[in-house]
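Have a look at the structure below, then the notes.
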Amino acid sequence: MEFIAQPGGSVCGTLRVPGDKSISHRCIMFGAIADGVTTVEGFLEGEDALSTIKAFRAMGVQIDGPDNGKVSIHGVGRGGLKAPAGELYVGNSGTSMRLLAGLLAGQAFDTVLTGDVSLSKRPMERVAVPLRAMGAKVETQEGGRPPMIIRGGQALHGIDYVLPMASAQVKSCVLLAGLYAEGQTRTTEPAPTRDHSERMLRGFGYPVKVDGATASLEGGHRMTAVHIDVPADISSAAFFMVAASITPGADLTLEHVGINPTRIGVVNILRAMGGSIELLNERDVGGEPVADIRIRYAPLKGIDIPENQVPLAIDEFPVLFVAAACAEGRTVLRGAEELRVKESDRIQVMADGLAGMGIQAEATEDGIIIDGGQITGGRVNSHHDHRIAMSFAVAALRATDSIHIEDCDNVATSFPNFVELAQHAGMRLEVR
Ligand code: S3P
């Protein structure tokens, strides 16, 4: 599938983007091993979250839906998962693979986790290393890549793990293995990352202690089913936040968006660039803060992005680079080498794509330097990366020519109705 984004367009109205991907994955995983039936609304019906559903069905969990964002998970309890008949294929989803690895390390049976071409290039030793330290038997392939082979029936013990990188997936993986480990498991992170696992475990009644950068839990407790209302995904909202910020005359409201403090780097960064962003009607929805977000056009200026915002905006950089391309002056990002191991190398792919459209963009080892200018147009490939595809669709709002984006199927991993919502807002996006 290819996107053709015509230059110009408007960004107005009120939208609700789909449910949070991180929270949707965790609802299924935690609901599956809880006691009782967990009910979910606002679930992301994207391929990544569906991969997690498929994996748990393959392990004997009855899951009804998703139907209009509603899902019911018939929990089998902490010891109730069954050996799957074959490999667990999780498509493009790094979150599925890395969190499942932790959960599966503590099961009685063996599993094999596989993924698509993009996921098959991504580093898995970052989870295999701490799991082995807990007593798990985990194999990865050449270069530490998938498939991951996890040998069940091991007695896990808690560890005190200091993460070498800021990663919520690694943190969550270790904590999930900790549910099945003897004694206490502790994670300490170098910078705050999304804390949905810690919040949701508590929501399911599992005692988790958080003290600054350290989260800890004891193995062996049980979880109780709950109802979860999944907020709209701020990472999906980000495309429209940038779209409205760069489009003269824009005035857009995004409803029911999750504004967990570990996720709001995009708001902080756009505001620092001069963006006009209001958080309205702030409220708490089942332990996660939510707001409606109103964004109006404002001329942006280039900034040095504060390094402490990097983990808080980790998935939003491709589209923030588009904002930087439309800003006056230079934007510099540092300390973001993690972007090189996402669904694509997001530093290189964005630098090359923007440079091909008349923008001065220089990739550095751990970031990028972008000088604002005039986006022309042209052809780019998403490299199987949903967020690259959507970012260039947004760029067309300020381009002089059309932008053709190849290989857009994976937009459905996180944002299945992106094109419809973009058109609804006034963007001139077509699919071929
Ligand atoms: C996620 C954590 C982040 C993020 C990903 C979702 C999660 O990955 O990029 O989209 O749900 O825990 P890292 O932990 O690799 O930074």
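One-based numbering, in listed order, for ligands and for the atoms of each.
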* Record the part of Lys21 in heavy-atom contact with ligand 1 below 4.0 Å; permitted values are side chain, backbone, both and neither. => side chain
* To do: Can you sort out which atoms of ligand 1 are near Arg98, meaning under 4.0 Å from one of its heavy atoms?
  => 15 (O)
* Asked: Are Cys27 and Thr38 side-chain neighbours, meaning at least one heavy-atom pair lies under 4.5 Å?
  -> no
* Strictly under 4.0 Å, does any heavy atom of His25 approach an atom of ligand 1? -> no
* To do: Return yes or no for this condition: an N or O of Ser22 is under 3.5 Å from an N or O of ligand 1.
  => yes
* For Ser22 and His196, run side chain to side chain donor-acceptor pair (under 3.5 Å): C-alpha distance rounded to whole Å, both residues' side-chain angles, the deciding distance at 0.1 Å, then the answer. => CA-CA 7 Å; Ser22 295; His196 305 301; 4.8 Å; no
* Structure fact -> Residue, atom and distance of the protein heavy atom nearest atom 14 (O) of ligand 1 read Ser167 OG, 2.6 Å
* Asked: Run the salt bridge (charged side-chain N to carboxylate O under 4.0 Å, His left out) check on Glu362 and Arg330 step by step: do they pass?
  -> CA-CA 11 Å; Glu362 188 198 327; Arg330 174 168 285 190; over 6 Å; no
* Which is closest to atom 2 (C) of ligand 1 in terms of heavy atoms, Gln169, Lys342, Met165, Lys171? -> Gln169
* Asked: Going by distance only, is there an N or O of Ile314 that falls short of 3.5 Å from an N or O of ligand 1?
  -> no
* Non-hydrogen atom of His196 closer than 4.0 Å to ligand 1 -> no
* Structure fact -> Given the options Glu198, His25, Arg194, Arg26, Ser172 meets side chain to side chain donor-acceptor pair (under 3.5 Å) only with Arg26
* To do: For a side chain to side chain donor-acceptor pair (under 3.5 Å) with Arg263, tell me which candidate from Asp195, Thr193, Asp233, Asp315 qualifies.
  => Asp233
* To do: Kindly indicate, with the supporting measurements, whether the criterion side chain to side chain contact (heavy atoms under 4.5 Å, CB included) is fulfilled by Tyr206 and Ile33.
  => CA-CA 12 Å; Tyr206 204 101; Ile33 57 167; over 6 Å; no
* Carefully, step by step, assess Asp366 and Arg334 under the rule salt bridge (charged side-chain N to carboxylate O under 4.0 Å, His left out). => CA-CA 5 Å; Asp366 66 341; Arg334 296 184 195 84; over 6 Å; no
* **Option of least heavy-atom distance to atom 10 (O) of ligand 1 (set: Asp20, Thr262, Asp315)** => Asp315
* Which residue owns the protein heavy atom closest to atom 12 (O) of ligand 1, what's the atom, and how far is it? -> Arg26 NH2, 2.7 Å
